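These numbers were taken from a predicted model, which means no experiment stands behind them. In what follows, every chain begins at residue 1, and chains take the letters A, B, ... in the order their sequences are listed. The analysis underlying the following values was restricted to heavy atoms, covering all of them including side chains, and did not include hydrogens, waters or symmetry mates.
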Amino acid sequence: MNQKYHPGKIEARWQSIWEKTKAYAVTADPAREKYYLLEMFPYPSGRIHIGHVRNYTIGDVVARYKRMCGYNVLHPMGWDAFGMPAENAAIANNTHPAKWTYDNIAAMRRELKQLGFSYDWDREITTCTPDYYRWEQWLFVKMYEKNMVYRKESYVNWCDRCQTVLANEQVEAGDCWRCGDPVRQKKLWQWFFRITEYAEDLLEYCHKLTGWPEKVTTMQKNWIGKSTGAEIDFPVAGTSEVIRVFTTRPDTIFGATFMCLAPEHPLVETLSAGTDQQQAVAEFVDRMSRESHADRVMDNQEKEGVFIGAWCENPVNGRRMPIYIANFALMEYGTGAVMSVPAHDQRDYEFAKKYGLDIIVVILPEGVDEADVAQTEAYAGDGVMVNSGDFSGMENTAGKSAVIEYFEKKGIGSRSITYRLRDWGISRQRYWGAPIPIIHCEKCGTVPVPENDLPVILPEDADLVGGGKSPLGRLDSFVNVDCPACGAPGRRETDTMDTFVESSWYFERYCSPDHHTAIFDPETVKYWMPVDQYIGGVEHAVMHLLYSRYFTRVLHTLGLVDFKEPFTRLLTQGMVCKETVHCKTHGYLYPEETQYRQDIPYCTKCGEAAEIGRVEKMSKSKKNVIDPNALVESYGADTVRLFCLFAAPPERDLEWSEQGVEGSFRFLHRIWRLYARWVERLEKQKPYTKDPAALPEHARELYIKTHQTIKKVTDDIEQRFHFNTAISAVMELSNQLNLVEPERNDAAVDGVMRFALDSIAVLLSPIVPHITEQLWEAMGNEPGTLCNRQWPAYREDCLASDKRLVVVQVNGKLRGRFEIDAGADDAAIKARALEDDNVVRFIEGADIKKIIVVKNKLVNIVL
RNA sequence: GCCUGGGUGGCGGAACAGGUAGACGCAAGGGACUUAAAAUCCCUUGAGGCAUGUCCUCGUACGAGUUCGAUUCUCGUCCCAGGCACCA
């Protein structure tokens with residue numbers, strides 16, 4: 001066996017063996033217990049980045065571990081292949097999005113294979129293929145038939161640069177999440193999924209997702225944003241119109257002194273018509289429409305509004321309330337109208353102060369004088385109702401229900417629930433996406449494409465450049481089609497679907513990727529789904545995960561699956577970060593543009609010393625990126641995998657360190673040399689697996705340590721995915737083994753040594769599969785059998801040694817320690833503690849008040 | 001502002017039911033091997049003190065508290081990261 005560890009050849013060799021033997025291909029087998037491990041599939045941007053490597057390494061360890069534990073493990077990989085970067089790149093490089101995408105996929109597949117992940121490549125999915133999106137279109141038609149999809153004209157977030165509509169979730173702080181340009185409002189006909197129909201169910205199940213990080217379910221709950229309250233009708237003075245408001249505080253209705261409408265509210269125009277406010281209102285509405293939705297919602301703008309020249313009447317006390325339009329009233333939340341109670345709502349308070357409107361206190365906190373409430377700010381807390389007619393004197397918490405019941409009796413209001421969540425707009429005016437399978441007919445309206453005509457193939461000859469309309473809209477051969485219902489000339493829908501649609505059901509398709517007669521084979525889905533463990537970035541905590549949960553409910557409603565939640569357990573791994581380096585003249589520097597001398601980076605362009613900046617998430621804009629490919633080339637995949645796991649537990653951010661990588665490489669090298677020293681002596685040696693008691697002491701210690709390591713590694717992987725501590729444990733074991741020298745010819749230790757070395761190979765194999773397979777073979781084992789080996793069990797009789805270390809405290813401070821037989825009773829432990837020289841120094845001449853003994857662990861003497 | 005996390009040596013991180021704080025690794029310093037360097041191996045390494053020890057004091061963001069005993073539990077404060085935010 002070579003003394004030196006050369007990862008290059010070894011890794012290529014095992015990868016080709018795994019590929020040839022289809023080592024990780026699986027089939028549904030009802031006789032075996034399944035485990036579905038899924039990592040979020042990547043967008044084929046061109047190269048694998050280090051975040052992918054971390055994500056997929058974590059997943060691969062779990063997949064390999066579960067396989068070794070006997071599960072039938074489904075571990076697939078594929079490509080989230082539709083999306084705008086392909087289009088942008090195609091325009092920039094004068095190529096076709098398909099070519100760009102497929103080239104990228106080929107390159108990234110090669111990179112993934114070089115990392116040795118245990119995927120069943122036979123199940124590879126590419127979402128931009130008709131094979132895949134035809135079933136998405138099929139599902140769209142089913143949803144259309146069940147009225148789960150609809151079309152409406154609505155304001156949408158529009159990005160001028162990307163020429164596309166964005167979902168609310170895709171707008172970050174008022175800007176496009178992709179390009180960062182400001183987003184503005186545009187009115188378009190859009191297709192929507194009725195996700196709000198499932199709002200309550202999605203919310204309710206958040207509490208049942210016990211295998212998810214609380215962080216994520218909390219974010220989803222906030223996103224759904226349920227509010228309980230009432231809807232109440234306010235009659236408009238002098239007309240038969242009523243304004244319906246939603247409020248969470250019906251208990252404050254006696255304090256409502258004015259009304260605020262959203263600028264888009266349908267009554268704004270009618271009510272202001274013919275009044276002297278008409279002009280001012282029109283101007284305000286116009287100004288608001290030009291301001292982007294994001295600006296209106298995001299900035300803590302000053303509250304402003306305009307009186308619309310009409311009044312309504314407070315239904316509980318007949319008070320005449322002026323009606324305003326206000327910039328903070330949102331048409332898409334509640335009813336687009338707010339009953340304003342300035343004494344008890346901060347926004348309303350500021351608005352009232354600004355425009356000199358009445359403030360009436362109706363809730364009195366305990367022990368406070370009415371004159372002191374709402375003097376400088378609104379009081380939003382609980383208290384006793386005052387100035388509230390028959391309700392005065394009631395606790396406001398009870399008052400809420402009482403007021404609602406009163407409304408219901410009088411027929412002017414009712415209990416109501418509102419959600420922040422809105423329906424999912426899926427129309428995109430882009431080329432590189434799945435066509436929406438609808439035909440517009442003048443006579444029949446919107447007609448779904450019949451099942452037999454699916455898929456609606458995305459034509460390859462679209463002209464991507466040239467603005468205004470969607471590229472598909474400029475393609476007559478695509479647009480012109482006969483109406484399937486009446487045969488008259490019709491027009492195809494030219495919008496494509498949001499790419500979040502593809503990623504909302506790909507995990508089901510993985511179960512039967514080659515099924516050509518249905519969206520998936522129900523039997524295999526029944527066997528594999530739901531996903532037992534899903535792993536991905538926390539940046540998908542709201543959109544992707546909520547959409548996937550929604551889609552699974554749709555499939556459930558359509559009778560296609562018998563579960564509602566797609567992902568039983570979720571792990572969100574942290575980001576990969578690295579320090580930034582900044583040169584005064586050249587800005588941010590790539591690692592290869594810096595040279596370190598005595599820990600100070602120098603810019604290779606100008607030779608000047610550069611500044612080390614904050615540690616930040618790796619990104620191209622900060623240039624603090626690492627190319628995984630280059631790392632694999634110089635250190636090998638095993639080292640890269642090992643470092644990704646060792647540097648931090650998965651849920652935390654990982655700080656990249658070149659020296660850390662170096663350290664991981666050295667560790668693998670140490671393991672390699674440890675084997676090299678022993679391989680000749682132990683090749684034919686059987687591992688010792690019997691009772692530890694039969695061994696001489698030095699061998700027994702090694703044997704016990706090995707079993708303890710097996711337990712530690714097993715627990716760390718199984719219970720917490722804390723691979724960093726699992727690796728530490730193996731390092732400790734290997735450090736101990738390194739002290740044993742084969743040259744001593746100590747036959748008593750050989751069997752134990754063989755057992756320990758075998759164990760190291762097995763324990764490390766999910767983490768560093770190539771080197772361990774190589775070492776396994778070198779030890780005379782059948783080549784390639786390590787990855788199919790049973791995960792080792794540990795002997796209970798090895799977990800605790802027969803000696804225990806007991807520490808002695810005096811008044812809680814550590815003063816001594818001693819070893820004692822494990823079986824020793826409290827009295828014996830106490831006696832030993834009191835004999836300890838150093839302990840005696842501290843207790844001499846003092847009164848002992850109390851002695852606390854924790855068996856086998858600790859004595860605390862209290863003076 | 002609200003909701004999540006988090007704050008431990010020079011650094012990444014351990015301590016997974018309140019019981020030895022700093023495992024493991026990195027970096028640094030010293031030594032061995034070598035003509036030399038690299039690689040490798042060994043030793044030291046939280047801060048301070050002196051009486052140099054199986055020693056003492058301090059120490060897990062800060063301040064209180066509960067406890068025989070707190071990195072761990074409670075309350076308050078500060079800071080960092082992520083998410084949400086005029087939601088009626």
[N] pairs with which nucleotide, Watson-Crick or G-U wobble, both distances below 3.5 Å?
N     : value
B/G18 : none
B/G82 : B/C3
B/A61 : B/U77
B/G69 : none
B/A37 : none
B/C87 : none
B/G29 : B/C43

Tell me what [X] touches on the nucleic acid: a base, only sugar-phosphate, or nothing, going by heavy atoms under 4.0 Å.
X        : result
A/Pro213 : nothing
A/Phe665 : nothing
A/Val862 : sugar-phosphate
A/Asp348 : nothing
A/Ser657 : nothing
A/Asn735 : sugar-phosphate
A/Gly663 : sugar-phosphate
A/Lys712 : base

[M] and [N], which share atom name [atom1], separated by this distance in whole Å:
N     : M     : atom1 : value
B/U74 : B/G19 : P     : 15 Å
B/U20 : B/A70 : P     : 11 Å
B/U60 : B/G18 : C1'   : 15 Å
B/C75 : B/C24 : P     : 36 Å
B/C80 : B/A39 : C1'   : 41 Å
B/U72 : B/A37 : C1'   : 49 Å
B/G6  : B/U71 : C1'   : 13 Å
B/C50 : B/U40 : P     : 39 Å

d([atom1], [X]; [atom2], [N]) in whole Å:
X        : N     : atom1 : atom2 : answer
A/Glu655 : B/G13 : CD    : P     : 7 Å
A/Arg347 : B/C87 : CZ    : C1'   : 7 Å
A/Glu214 : B/C84 : CD    : C1'   : 16 Å
A/Arg666 : B/A38 : CZ    : C1'   : 12 Å
A/Leu654 : B/A81 : CG    : P     : 19 Å
A/Ile727 : B/A14 : CD1   : C1'   : 14 Å
A/Glu732 : B/G22 : CD    : P     : 13 Å
A/Phe234 : B/A88 : CZ    : P     : 16 Å

Kindly point out which of [options] is positioned nearest to the side chain of [X]?
X        : options             : answer
A/Val854 : B/G19, B/G13, B/U20 : B/G19
A/Lys813 : B/G13, B/C58, B/A88 : B/C58
A/Gln659 : B/A27, B/U20, B/G25 : B/A27
A/Met219 : B/U40, B/A14, B/G83 : B/G83
A/Arg841 : B/G13, B/C56, B/A23 : B/C56

Is there a donor-acceptor contact under 3.5 Å from the side chain of A/Thr247 to the main chain of A/Arg249?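 Judged by distance alone, yes, a pair lies under 3.5 Å.
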
With distance as the sole test, does A/Asp716 use its side chain to make a donor-acceptor pair with the main-chain N or O of A/Ala726 at under 3.5 Å? yes

Taking only the side-chain nitrogens and oxygens of [X], find out if one of them lies under 4.0 Å from OP1 or OP2 of [N].
X        : N     : answer
A/Ser227 : B/A88 : yes
A/Lys215 : B/A81 : no
A/Asn222 : B/C87 : no
A/Asn724 : B/A14 : yes
A/Arg420 : B/C84 : no
A/Asn856 : B/G19 : no
A/Arg815 : B/U57 : yes
A/Arg720 : B/A15 : yes
A/Lys857 : B/G19 : no

Comparing A/His669 and A/Ala648 on RNA chain B - which has the more 5′ nearest nucleotide: A/Ala648

Nearest-nucleotide wise, let me know which of A/Gly812 and A/Thr248 is further upstream toward the 5' end of RNA chain B.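 Result: A/Gly812.
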
Heavy-atom count check: over 12 atoms from other residues, nucleotides or ligands less than 6.0 Å from [X] [atom1]?
X        : atom1 : answer
A/Lys857 : NZ    : no
A/Asn2   : CG    : yes
A/Gln346 : CD    : yes

I'd like to check the salt bridge (Lys or Arg N to Asp or Glu O under 4.0 Å) partners of A/Arg54; sequence neighbours left out, ordered by chain and number. none

How should the glycosidic conformation of B/G9 be described, syn or anti, under the criterion that syn lies within 90° of 0?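 That one's syn.
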
Taking the chi torsion of B/A17, is it syn (within 90° of 0) or anti (everything else)? syn

Check against side chain to side chain donor-acceptor pair (under 3.5 Å), A/Arg652 and A/Gln573: CA-CA 6 Å; A/Arg652 273 222 239 175; A/Gln573 99 267 5; over 6 Å; no

For B/C68, does the base pair up with any side-chain atom of A/Asn860 as donor and acceptor (N or O, under 3.5 Å, distance only)? yes

For a quick test of reading the model, state the closest non-hydrogen atom pair linking A/Ala256 to A/Asn314 and the distance between them.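 Heavy atoms of A/Ala256 and A/Asn314 come nearest at O-ND2, 3.4 Å.
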
Give every residue pair that meets the salt bridge (charged side-chain N to carboxylate O under 4.0 Å, His left out) criterion with at least one member in residues 662-677 of chain A, sequence neighbours excluded. none

Are side-chain heavy atoms of A/Arg832 and A/Ile820 found at a separation under 4.5 Å?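 They are in side-chain contact.
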
